[in-house]
K.L.:
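Please read through the structure below; I'll follow up with questions.
For clarity, every value in this text was computed on a predicted model and none was experimentally measured.
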Amino acid sequence: MDEQALLGLNPNADSDFRQRALAYFEQLKISPDAWQVCAEALAQRTYSDDHIKFFCFQVLEHQVKYKYSELTTVQQQLIRETLVSWLQAQMLNPQPEKTFIRNKAAQVFALLFVTEYLTKWPKFFFDILSVVDLNPRGVDLYLRILMAIDSELVDRDVVHTSEEARRNTLIKDTMREQCIPNLVESWYQILQNYQYTNSEVTCQCLEVVGAYVSWIDLSLIANDRFINMLLGHMSIEVLREEACDCLFEIVNKGMDPVDKMKLVESLCQVLQSAGFFSIDREEDVDFLARFSKLVNGMGQSLIVSWTKLIKNGDIKNAQEALQAIETKVALMLQLLIHEDDDISSNIIGFCYDYLHILKQLTVLSDQQKANVEAIMLAVMKKLTYDEEYNFENEGEDEAMFVEYRKQLKLLLDRLAQVSPELLLASVRRVFSSTLQNWQTTRFMEVEVAIRLLYMLAEALPVSHGAHFSGDVSKASALQDMMRTLVTSGVSSYQHTSVTLEFFETVVRYEKFFTVEPQHIPCVLMAFLDHRGLRHSSAKVRSRTAYLFSRFVKSLNKQMNPFIEDILNRIQDLLELSPPENGYQSLLSSDDQLFIYETAGVLIVNSEYPAERKQALMRNLLTPLMEKFKILLEKLMLAQDEERQASLADCLNHAVGFASRTSKAFSNKQTVKQCGCSEVYLDCLQTFLPALSCPLQKDILRSGVRTFLHRMIICLEEEVLPFIPSASEHMLKDCEAKDLQEFIPLINQITAKFKIQVSPFLQQMFMPLLHAIFEVLLRPAEENDQSAALEKQMLRRSYFAFLQTVTGSGMSEVIANQGAENVERVLVTVIQGAVEYPDPIAQKTCFIILSKLVELWGGKDGPVGFADFVYKHIVPACFLAPLKQTFDLADAQTVLALSECAVTLKTIHLKRGPECVQYLQQEYLPSLQVAPEIIQEFCQALQQPDAKVFKNYLKVFFQRAKP
């Protein structure tokens, strides 16, 4: 072996050595006999360095996994002998190998097992067991090998080919016949031998039993001697968690519903009499979390049995199963209410499924009603935050509690399906008593009371939030709670969680304010003062900005009396904060977007006359325009790149804010009615000069582009005079990403204005194409993934542009570019259809081709186009699907093939019998297609139903491809 290269295996070696070791590993993997050197090194224990031993196993692993079939019988025998002699040596080693080496060795054993067990090594387990006997080191390796074999055969996370899956099934069948009883016996011996002396080996063995129980005969394990031993382990502290998991796997095994019920019941009786159901006496939360999982498994197994029995009409046994389920509910409730959330979380599945049963029963007994109420109280209690929750800096524990709360929400929703009246009454009781004394109540109780009201909105669903009409008792209960919420003064509670819950709930039940509009002013004040947008917490301010915009939008009809007041109060929040004054504004620029949108909505939906709306909109936008001009001048002069970036950011925010105000308009009509067209045209004239700024182009262009998109909707043809110069600037020295984002703007204009913009499009068509081709032809590194992806996306955008032009009836834009350019464009479309393995682009290309054939393919089409159809378009329809990369099992590719079929149908439609004759006599024979298939193809093409031909074409290419 290359000793120098082996030095690089040490994790502390420098990078040159490490590189050399990696290269050496690759070299050994390819070498036909290097594995023998490694095998010898392992068998003769040549090296003491752990990393070299691991390395030798890796080389062997590669040999067994990928090149085993190339070895001679003698060489295969050598690998077997090497592994067995290595195993024998482990019995005598003064020190056991490191865990990572034992695991790797087990993997190699397992790979060899799946390769050889059915053919050359049927006595695999007997050979291993005869070596290890009951030696603790040997047993450890034996159990690791069994776990590695299980993951090769059964692991759901490993993707197996159908061939491997068949082989694995055969191996398991053979093992069941030949050796499983012996393996089970060996596990029993190991457990019996080591249960009191070697907890590590015992736990490993329990894990093996748990893994294998899912696919072996259950009676081998679910019998008195095994179960009694497992129950004994449940009382040994170091074993009981593993024993619990093992019992869980036994209970989870699929089996006949009546047998399963008997198994679970007998297990429960033993556990109960051994005192395991007395949860309150148990202090070990890790064990209780496993025990909770076990109880959950037992409960869910009984429910599955009940469901099957009901389905089979076996009412007597179903009744027994239900009885068995009911007797577990008290234990389930104890676990659900446990203060440790992991213990509680593990039982939620049983709880959820139990409620599902109750939902199906026509009448509930008093006990079942009491159970529902107990679950409800448990959920309410468990939803509560604990003292340790860190609201300012949420970490992993907090994230876990948020997830746990989501699980509880599902329980609450299920409770609502079982007994909506009970849920409403319980929430009302908790809510009313808490809010009566909110000043003296702890924050978590106040938060959960409001939270429950919030959750009712989804638990008791109605259409379009109409909670306050319809069912009178429900509507009045919710109305009472909402009235209490907004009049109690709880919005002043000094804790962010309560404040946020208040605003979330007010917005969720906005329909309440159409029923009782007298409460709007006090809620608006809460939004606008220190409780909301001016709260000391940035998190509260940010969320409130979003909620405030939702509140105003949904109640815009009720806002008229307050508009001027609101606009005055939010004035300072609209300040564009330039980078240089160091002034820390209350809201981030993202939050300010919501405030601008709200201001726009208030003005546009007000009942003011148009002049007043125009004046208010001017007041809103003029400060932005003025700041924009000053900042743009500063940017032109800025030297420092960091300062340039922060000025460009600020300019971009200004454009973004102006864009956002326009969201209040749905179309040009509303802009005109409000007299606001002029203000926005002024904005356009202010913002467009930023396009010619040579600094920070990306960010400035992107902002102005977005504004233009909005203005095309709001101002329609009034925008058109600005488009040519804007386009010219945006096409100057651009990158793939710029073009990709510019093309949708041109597509929007083309699709919207069609013939109106034909002269402009004709003029900018070739400059745009030149810019695109220039970027696409730029050389890139061979394995630069992101450059390749950018080019792919640009290619798609380019074809989307051609599709928009042809699809908007504007083919003359292409036709008027001169014969040479037209041909160049058409050739790119053919290339797109055939050469690039991108089904999305291929589909678009075929759509363009069928459109052009439809427009130009008739007798009066442009000179030479008919030739182009036969020389290029028809071949493209065959060459693309025949490519190996054209995967007919892929959904996107099938869509591309469908458009390919449309193209061929369109050619036939426009050229008639001439097309059929060309396919029959010239093109298809040139592809060596058999005459009878040519006949069949042409018949399918001439079918009037296009769908018939689409289906045929798929079959045609499936047959044609090897």
K.L.:
Could you please spell out the steps behind the side chain to side chain contact (heavy atoms under 4.5 Å, CB included) verdict for V258 and K262?
P.N.:
CA-CA 6 Å; V258 177; K262 286 178 182 159; 4.0 Å; yes

K.L.:
Quick check: closest heavy atoms across V270 and S273, and the distance to 0.1 Å?
P.N.:
O-OG, 3.0 Å

K.L.:
As a quick check of understanding, evaluate side-chain hydrogen bond (donor to acceptor under 3.5 Å, both in side chains) for N346 and S344, giving each step before the final call.
P.N.:
CA-CA 6 Å; N346 282 348; S344 172; over 6 Å; no

K.L.:
Taking the side chain as every heavy atom from C-beta outward, state whether Y389 and M444 have any atom pair closer than 4.5 Å.
P.N.:
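Of all side-chain heavy-atom pairs linking M444 with Y389, none is under 4.5 Å.
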
K.L.:
Evaluate the side-chain proximity of Y117 to L112: yes if any heavy-atom separation is below 4.5 Å, no if none is.
P.N.:
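L112 vs Y117: side chains apart.
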
K.L.:
Looking at S219, is its backbone amide N or carbonyl O close enough to the side chain of D217 to form a donor-acceptor pair, meaning the two atoms are under 3.5 Å apart?
P.N.:
yes

K.L.:
Can you confirm whether Y196 is buried at OH, in the sense that more than 12 heavy atoms of other residues, nucleotides or ligands lie under 6.0 Å from that atom?
P.N.:
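No, the 6.0 Å shell around OH holds no more than 12 heavy atoms from other groups.
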
K.L.:
Working to the nearest 0.5 angstrom, can you tell me the gap between F291 CZ and F276 CZ?
P.N.:
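Reported value, rounded in 0.5 Å steps: 7.5 Å.
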
K.L.:
For a 4.5 angstrom cut-off between non-hydrogen side-chain atoms, does Q300 reach N296?
P.N.:
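Yes; the side chains approach each other to less than 4.5 Å.
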
K.L.:
Below 4.5 Å, heavy atoms only, C-beta onward: do L267 and I227 meet side chain to side chain?
P.N.:
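The answer is yes, as the side chains (C-beta and beyond) meet within the 4.5 Å cut-off.
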
K.L.:
About how many Å separate CG of D259 and CG of L218, when rounded to the nearest 0.5 Å?
P.N.:
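It is 9.5 Å, given to the nearest 0.5 Å.
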
K.L.:
Has R405 got its NZ or CZ under 6.0 Å from the middle of the six-membered ring of Y385, at an angle within 45 degrees of the ring axis?
P.N.:
yes

K.L.:
Please step through side chain to side chain contact (heavy atoms under 4.5 Å, CB included) for the pair Y68 and I79, ending with a clear verdict.
P.N.:
CA-CA 10 Å; Y68 200 67; I79 291 187; 4.0 Å; yes

K.L.:
Look up atom CG in L230 and atom SG in C244, then write down how far apart they are to the nearest 0.5 Å.
P.N.:
10.5 Å

K.L.:
State which residues pass salt bridge (charged side-chain N to carboxylate O under 4.0 Å, His left out) with E403; sequence neighbours excluded, sorted by chain then number.
P.N.:
K406

K.L.:
Give every residue pair that meets the salt bridge (charged side-chain N to carboxylate O under 4.0 Å, His left out) criterion with at least one member in residues 108-119, sequence neighbours excluded.
P.N.:
R80-E116

K.L.:
Taking E242 for the side chain and L239 for the main chain, is one N or O donor matched with an acceptor at less than 3.5 Å?
P.N.:
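Side chain of E242 to backbone of L239: no pair is present.
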
K.L.:
Determine yes or no for a side-chain-to-main-chain donor-acceptor pair under 3.5 angstrom, with S292 supplying the side chain and L288 the backbone.
P.N.:
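Flag not set: sc S292 to bb L288 has no pair under 3.5 Å.
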
K.L.:
Quick one: are the ring centres of F124 and F126 less than 6.0 Å apart?
P.N.:
no

K.L.:
Could you state the interatomic distance from CD1 (I347) to CG (L336), rounded to the nearest 0.5 Å?
P.N.:
8.0 Å

K.L.:
Yes or no on side chain to side chain contact (heavy atoms under 4.5 Å, CB included) for M175 and L153, after CA distance, side-chain angles and deciding distance?
P.N.:
CA-CA 12 Å; M175 282 176 71; L153 296 179; 4.1 Å; yes

K.L.:
Evaluate the criterion side chain to side chain contact (heavy atoms under 4.5 Å, CB included) for residue pair M332 and I375; output intermediate values, then yes/no.
P.N.:
CA-CA 9 Å; M332 171 187 84; I375 293 172; 3.9 Å; yes

K.L.:
Check whether the side chains of T384 and D386 place a donor and an acceptor atom closer than 3.5 Å, and report yes or no.
P.N.:
no

K.L.:
If a pair satisfies salt bridge (charged side-chain N to carboxylate O under 4.0 Å, His left out) and one of its residues is in residues 96-108, list it, with sequence neighbours excluded.
P.N.:
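Non-adjacent pairs meeting salt bridge (charged side-chain N to carboxylate O under 4.0 Å, His left out): D50-K98, K53-E97, E61-K104, R102-D140.
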
K.L.:
Suppose we screen for side chain to side chain donor-acceptor pair (under 3.5 Å). Which residues come up paired with S186, at least two apart in sequence or across chains?
P.N.:
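In terms of side chain to side chain donor-acceptor pair (under 3.5 Å), with neighbours along the sequence ignored, S186 is linked to Y142.
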
K.L.:
Checking Q36 against E40: is there a side-chain donor and acceptor pair closer than 3.5 Å?
P.N.:
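Result is no, nothing qualifies.
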
K.L.:
Looking only at atom types and distance, does a side-chain atom of R176 sit under 3.5 Å from a main-chain N or O of W215, one as donor and one as acceptor?
P.N.:
yes

K.L.:
Restricting to pairs with a member in residues 324-338, which pass salt bridge (charged side-chain N to carboxylate O under 4.0 Å, His left out), not counting sequence neighbours?
P.N.:
E265-K328

K.L.:
To the closest 0.5 Å, what do you measure between CG (L383) and NZ (K409)?
P.N.:
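Rounded to the nearest 0.5 Å, the CG-NZ separation comes out at 10.5 Å.
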
K.L.:
Assess, by modelled atom type and distance only, whether the side chains of N93 and R137 contain a donor and an acceptor separated by less than 3.5 Å.
P.N.:
no

K.L.:
Just by distance, do the side chain of K120 and the backbone of Q76 share a donor-acceptor pair under 3.5 Å?
P.N.:
no

K.L.:
With a 4.5 Å cut-off on side-chain heavy atoms, are S301 and F350 touching?
P.N.:
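Of all side-chain heavy-atom pairs linking S301 with F350, none is under 4.5 Å.
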
K.L.:
Taking only residues two or more places apart in sequence or in another chain, which ones pass side chain to side chain donor-acceptor pair (under 3.5 Å) with E249?
P.N.:
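E249 satisfies side chain to side chain donor-acceptor pair (under 3.5 Å) with no other residue.
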
K.L.:
Atom CG of L271 and atom CG of L247: how far apart are they, to the nearest 0.5 Å?
P.N.:
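Result: 6.5 Å between the selected atoms.
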
K.L.:
Any salt bridge (charged side-chain N to carboxylate O under 4.0 Å, His left out) involving residues 387-396? Give me the pairs, sequence neighbours left out, ordered by first then second residue.
P.N.:
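Qualifying pairs, neighbours excluded: E387-R442, E394-K539.
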
K.L.:
Checking H356 side chain against C351 main chain: does a donor-acceptor pair fall under 3.5 Å?
P.N.:
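Between the backbone of C351 and the side chain of H356 there is no qualifying donor-acceptor contact (under 3.5 Å).
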
K.L.:
So does L146 get a backbone contact from the side chain of D150, meaning a donor-acceptor N/O pair under 3.5 Å?
P.N.:
no

K.L.:
Give a yes or no on this: more than 12 heavy atoms of other residues, nucleotides or ligands lie within 6.0 Å of atom CE of M400.
P.N.:
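It does not: M400 CE has 12 such atoms or fewer within range.
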
K.L.:
What about W86 and F57, are their ring centers closer than 6.0 Å?
P.N.:
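Yes, the ring of W86 comes within the 6.0 Å limit of the ring of F57, centre to centre.
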
K.L.:
Going by the rule side chain to side chain donor-acceptor pair (under 3.5 Å), which residues pair with R290 if we only count those two or more places apart in sequence or in a different chain?
P.N.:
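Applying side chain to side chain donor-acceptor pair (under 3.5 Å) to R290 gives E241, D245.
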
K.L.:
Got L183 and I180 here, is their nearest side-chain heavy-atom distance under 4.5 Å?
P.N.:
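Result yes, sub-4.5 Å side-chain heavy-atom pair found.
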
K.L.:
So, using ring pair (Phe, Tyr, Trp, His ring centres under 6.0 Å) as the criterion, who are the partners of F277 when residues are at least two apart?
P.N.:
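Partners of F277 by the ring pair (Phe, Tyr, Trp, His ring centres under 6.0 Å) criterion come out as none, since no residue qualifies.
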
K.L.:
Strictly by ring-ring contact (aromatic ring centres under 6.0 Å, His included), give each pair with a member in residues 162-188 just once, sequence neighbours left out.
P.N.:
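Applying ring-ring contact (aromatic ring centres under 6.0 Å, His included) to every pair that reaches into residues 162-188, excluding sequence neighbours, yields W187-Y212, Y188-F226.
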
K.L.:
Using modelled atom types and a 3.5 Å cut-off, is there a donor and acceptor pairing between side-chain atoms of D284 and backbone atoms of F287?
P.N.:
yes

K.L.:
Is the number of heavy atoms from other residues, nucleotides or ligands within 6.0 Å of CD (Q178) greater than 12?
P.N.:
yes

K.L.:
Given the rule in the salt bridge (charged side-chain N to carboxylate O under 4.0 Å, His left out) test, do R240 and E282 qualify, once you have shown the distances and angles that lead to the verdict?
P.N.:
CA-CA 13 Å; R240 60 191 193 156; E282 181 56 67; 2.9 Å; yes

K.L.:
Can you list everything that forms a side chain to side chain donor-acceptor pair (under 3.5 Å) with Q195? Sequence neighbours excluded, please.
P.N.:
H233

K.L.:
When you measure from the side chain of K260 to the backbone of V251, do you find a donor-acceptor pair of N or O atoms at a distance under 3.5 Å?
P.N.:
yes

K.L.:
Do Y47 and F55 make the cut of ring centroids closer than 6.0 angstrom?
P.N.:
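No, the ring centres sit 6.0 Å or more apart.
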
K.L.:
Just jot down the salt bridge (charged side-chain N to carboxylate O under 4.0 Å, His left out) partners of E185, sequence neighbours excluded, or say none.
P.N.:
R225

K.L.:
If every non-hydrogen atom of E398 is compared with every non-hydrogen atom of N390, which pair is closest and at what distance?
P.N.:
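Looking at all heavy atoms of both residues, the closest pair is OE2-N, 3.0 Å.
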
K.L.:
Please check: side-chain N/O of D127 versus main-chain N/O of S130, any donor-acceptor pairing under 3.5 Å?
P.N.:
no

